[in-house]
Amino acid sequence: MQLHELVNTIGQDLQRRYGEKVHKLTLHGGFSCPNRDGTIGRGGCTFCNVASFADEQTQVKSIVEQLTDRAGEISRAKKYLAYFQAYTSTYAEVQVLKNMYEEALKAADIVGLCVGTRPDCVPDAVLDLLSEYVEQGYEIWLELGLQTANNDTLKRINRGHDFECYAEITKRARALGIKVCTHLIVGLPKETQADNLKTLEQVLEVGTDGIKLHGLHIVEGSTMAKAWRAGRLEAPELEDYVAIASEMIRLTPPDVVFHRVSSAARRPTLLSPLWCENRWLAMTEIGRALNRDGAQGSAINQSFEYIKPLLKQD
C-alpha cells in the first residue's frame, strides 16, 4: 500500500477537498527571528541553521518571483499554497505582513497560505489578519514550531518558550478557524521514544489540525554541530526514527493531517544523519512499518497508558 493509503497526508487531504492536486510553494520572506536578534535570545535554537531547508538566495527575489520560480518546478499541480517557511514568518509589523501575504494571495492559482512561525511570536493582530483570510475562503495554516512538549528539553535546545505558550496560541488560533500544524522533532538530545509519545499525547489533548514530523538533523552552523563534532551528540538512526515516527502516526486520530512524516537536508549543510539526504528513504520504511503494524489511528485503542511505565524508567 502507498503511504497516502496508510496516513492522512496533506496532499491527500487537499486533493479530496479541492478535487485536484494542490502543492506548497516555499517562500523566503526575509524574516529574522526573535531568538536570534536578542528580543528573546541570541544564537537561535541549538539545532537551527535555516540554510538546511531554505535557499538564502531567494531573499533577493520578490514574493511573486519566488512563486513563479517554484511553480515552474512543479508539473503535477495547478493550484498552490504559498508557504512562508524560513525563520519566523510572523515577525514583522502587521502591515508589513499583510502586504507580503496579500502579494502572495493575489498571485495566480494561489488558494491559501501556510505561515511558519514560533508560538511566542503570534500576537492578536496577526491572528486577526489570518482569520480575515479564513473568512474570505482562503486555506490558512499556522505552522507552529513546538518540537517537543518537554519543557526541560525546550530549555536545553534554547527555544525561548514553553509548552504552555504553544497550548495557548493553538487554542486561540483554532477558535478563530485558523488551522494549526504542529512541528515535532524526533531524536532531540536526552529524549526517548516515551518522551516523543508523551509530546504527541499533550499535543492531541490541546488539539491540532496537522502534524509535521522531523528527524533531528545535525547541520553546519548550528550549536549542535559543535557537540556532534566533539562526540557528545548523535543523530537518530533510520531504524529508530522509523520505529518512533510510525508509532506516533498509529496513535494519531485519522482526522489529523500529516504535512510531513520525514524531512530532508542537503550536504554540505547536513552533517548527520546522512540517510536524511534521501527524502524517500524514511517515508518508504515508515510505509512498510504501518503496512505491517497498522495505519494511522490503529493504535488509539491502546491509549497512552503504556507510556507511563516507560517514562518512569527514564
Side-chain angles (χ1 to χ4, degrees), residues 1-17 24 53 114 116 141-150 153 163 166 170 174 179-188 191-217 235-265 273 275-276 278-308 310-311:
M1 298 176 72
Q2 296 186 15
L3 188 63
H4 71 265
E5 298 176 271
L6 300 162
V7 180
N8 184 15
T9 64
I10 184 65
Q12 175 190 22
D13 175 70
L14 291 169
Q15 179 153 355
R16 180 173 57 247
R17 290 188 291 111
K24 286 187 181 182
F53 56 80
C114 297
W141 285 90
L142 183 65
E143 301 207 14
L144 295 176
L146 172 60
Q147 321 313 348
T148 176
N150 187 315
T153 303
F163 176 74
Y166 159 84
T170 296
R174 298 184 80 221
K179 295 180 181 179
V180 171
C181 175
T182 307
H183 291 216
L184 302 175
I185 295 179
V186 172
L188 288 168
E191 288 211 336
T192 65
Q193 178 179 9
D195 292 306
N196 293 132
L197 298 180
K198 182 61 178 177
T199 285
L200 177 66
E201 180 184 25
Q202 291 180 242
V203 166
L204 294 177
E205 284 179 352
V206 170
T208 190
D209 303 284
I211 292 175
K212 183 177 285 189
L213 296 180
H214 305 258
L216 177 66
H217 293 167
E237 298 289 341
L238 175 61
E239 294 78 9
D240 294 332
Y241 179 77
V242 169
I244 295 171
S246 59
E247 187 68 0
M248 293 175 77
I249 293 168
R250 294 178 65 243
L251 284 163
T252 301
D255 61 324
V256 176
V257 179
F258 276 89
H259 288 231
R260 185 178 291 166
V261 300
S262 181
S263 52
W275 57 263
C276 287
N278 183 340
R279 65 186 297 262
W280 298 106
L281 188 57
M283 292 171 62
T284 299
E285 293 303 316
I286 288 171
R288 288 175 178 168
L290 295 175
N291 194 44
R292 179 188 66 234
D293 300 327
Q296 179 177 340
S298 62
I300 290 178
N301 60 350
Q302 297 178 19
S303 185
F304 287 87
E305 290 300 315
Y306 73 99
I307 301 173
K308 294 178 182 178
L310 297 176
L311 287 168

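Below, all heavy atoms of this structure are taken into account, side chains as well, without hydrogens, waters or symmetry copies. These numbers come from a predicted model, not from an experiment.
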Margin query: Quick check for you: to the nearest 0.5 Å, what is the distance between L251 atom CG and L197 atom CG?
Written below: 6.0 Å
Note to self: Can you give me the closest heavy-atom contact between L216 and P273, atom names plus distance?
What the structure shows: O-CD, 3.4 Å
Item checked: Aromatic plane relationship, W275 with Y241 - under 30° parallel, 30 to 60° tilted, over 60° perpendicular -> tilted
Margin query: If I take atom CG from residue N278 and atom OG from residue S262, how far apart are they, to the nearest 0.5 angstrom?
Written below: 9.0 Å
Checklist line | Minimum side-chain heavy-atom gap R174-D209 below 4.5 Å | finding: yes
Margin query: What I'd like to find out is whether the side chain of I300 reaches to under 4.5 Å of the side chain of P254, using heavy atoms alone.
Written below: yes
Notebook entry, point to check: Which of these, V180, L200, V257, N8, sits in a side chain to side chain contact (heavy atoms under 4.5 Å, CB included) with I211?
Noted result: L200
Notebook entry, point to check: Nearest heavy-atom pair of T148 and N150: which atoms, and what distance?
Noted result: OG1-N, 3.1 Å
Margin query: Side chains of T182 and Y166 only: does a donor on one sit below 3.5 Å from an acceptor on the other?
Written below: yes
Item checked: With sequence neighbours excluded, residues passing ring-ring contact (aromatic ring centres under 6.0 Å, His included) with F258 -> none
Check: Is any side-chain heavy atom of T153 less than 4.5 Å from a side-chain heavy atom of D195?
Finding: no
Checklist line | Nearest-0.5 Å distance, CD of residue Q12 to CG of residue L6 | finding: 10.0 Å
Check: Could you give the distance from OG1 (T252) to CD (E201), rounded to the nearest 0.5 Å?
Finding: 11.5 Å
Check: Where is the tightest heavy-atom contact between V186 and P236, given as atom of each residue plus distance?
Finding: O-CG, 3.9 Å
Note to self: Nearest 0.5 angstrom please: H4 NE2 to Q296 CD, how far?
What the structure shows: 13.5 Å
Next item on the list: To the nearest 0.5 Å, tell me how far K212 NZ sits from L184 CG.
Entry: 11.5 Å
Check: Is the number of heavy atoms from other residues, nucleotides or ligands within 6.0 Å of CD (E5) greater than 12?
Finding: yes
Note to self: Any salt bridge linking E143 with K24? Criterion: basic side-chain nitrogen under 4.0 Å from a carboxylate oxygen.
What the structure shows: yes
Note to self: Give me the atom names and distance for the closest heavy-atom approach of L238 to E285.
What the structure shows: CD2-CG, 4.3 Å
Note to self: Within the 3.5 Å criterion, strictly below it, is a donor on T199 or N196 matched to an acceptor on the partner's side chain?
What the structure shows: no
Checklist line | Minimum heavy-atom distance between G294 and R250, given as atom pair plus value | finding: O-CG, 3.3 Å
Item checked: Minimum heavy-atom distance A243-Q193, with the two atoms named -> O-NE2, 4.4 Å
Notebook entry, point to check: Is it true that R16 and D13 have a side-chain N and a carboxylate O under 4.0 angstrom from each other?
Noted result: yes
